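The next block holds one structure in the form of structure tokens; read it before the comments.
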Amino acid sequence: PNVICEAMKLNKAVVCSTVSDIPILLKEEENGFFCNPADSNSITRAIKKLLATDKKQLEIMGNNNRKLADSLFNKNMIVESYLTLLEKNK
């Protein structure tokens, strides 16, 4: 999901669901907090955890996210991946 990538690039901790490949990319309390999107109590708990986290820890999480986003969503890497894919499919 794009909004998670955008938040990561802005050095923000995230609250995200456990759907798709998100749990593969992010780690609980290292990048943010997970919730079950089908459970409103789970969403509430994750948001409360985020709000209760001290500023220094949020800064650490945000920095972790920025580093991860820079390594995974680098423009040059994405372009190179597309070019490699196109070359393979010639």
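In this text, all values refer to a predicted model and were calculated from it rather than measured experimentally. Values below: all heavy atoms of this structure, side chains included; hydrogens, waters and symmetry mates excluded.
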TODO: Could you tell me which residues satisfy side chain to side chain contact (heavy atoms under 4.5 Å, CB included) with N2, sequence neighbours excluded, listed by chain and number?
DONE: E6

Open item on the list: Quick check: closest heavy atoms across S42 and N36, and the distance to 0.1 Å?
Closed with: OG-N, 2.7 Å

TODO: Answer with yes or no whether the hydrophobic clustering places M8 together with L72; edges join I, L, V, M, F, W, Y residues whose side-chain heavy atoms lie under 4.5 Å apart.
DONE: yes

Would you give me the side-chain donor-acceptor pairs under 3.5 Å for residues 64-71, sequence neighbours excluded?
unit_1, atom_1, unit_2, atom_2, d
N64, ND2, E30, O, 2.9
N64, ND2, I60, O, 3.4
N65, OD1, N31, ND2, 2.8
N65, ND2, K12, O, 2.7
N65, ND2, N31, O, 2.8
R66, NE, D70, OD1, 3.1
R66, NE, D70, OD2, 3.2
R66, NH1, K9, O, 2.6
D70, OD1, K9, NZ, 2.6
S71, OG, K67, O, 3.4
S71, OG, L68, O, 2.9

Open item on the list: How close do A13 and G32 get, counting heavy atoms only, and between which atoms?
Closed with: CB-CA, 4.4 Å

- [ ] Just jot down the side-chain hydrogen bond (donor to acceptor under 3.5 Å, both in side chains) partners of E59, sequence neighbours excluded, or say none.
- [x] none

Task: Residue pair L26, I4: steps toward the side-chain contact (heavy atoms from CB on, under 4.5 Å) verdict - done: CA-CA 10 Å; L26 305 177; I4 295 171; 4.1 Å; yes

Open item on the list: F34 vs C16, test: side-chain contact (heavy atoms from CB on, under 4.5 Å). Steps then yes/no.
Closed with: CA-CA 5 Å; F34 290 120; C16 52; 3.6 Å; yes

Task: Minimal non-hydrogen separation, V14 against A7, with atom names - done: CG1-CB, 3.7 Å

Task: Residue pairs involving residues 72-89 (criterion side-chain hydrogen bond (donor to acceptor under 3.5 Å, both in side chains); sequence neighbours excluded) - done: E87-K90

Task: Test log, rule side-chain contact (heavy atoms from CB on, under 4.5 Å), inputs D39 and R45 - done: CA-CA 10 Å; D39 178 0; R45 279 191 302 275; 4.0 Å; yes

Task: Co-members of the apolar cluster containing F33 [side chain, <4.5 Å] - done: V15, I43, I47, L50, L51, L58, M61

Open item on the list: Running the 4.5 Å side-chain criterion over Ile, Leu, Val, Met, Phe, Trp and Tyr, what cluster does V79 land in, apart from itself?
Closed with: L83

Task: Test side-chain contact (heavy atoms from CB on, under 4.5 Å) applied to E29 and K49, step by step - done: CA-CA 9 Å; E29 296 186 19; K49 278 185 186 179; 4.2 Å; yes

Task: Nearest-0.5 Å distance, CG of residue L25 to SG of residue C5 - done: 7.5 Å

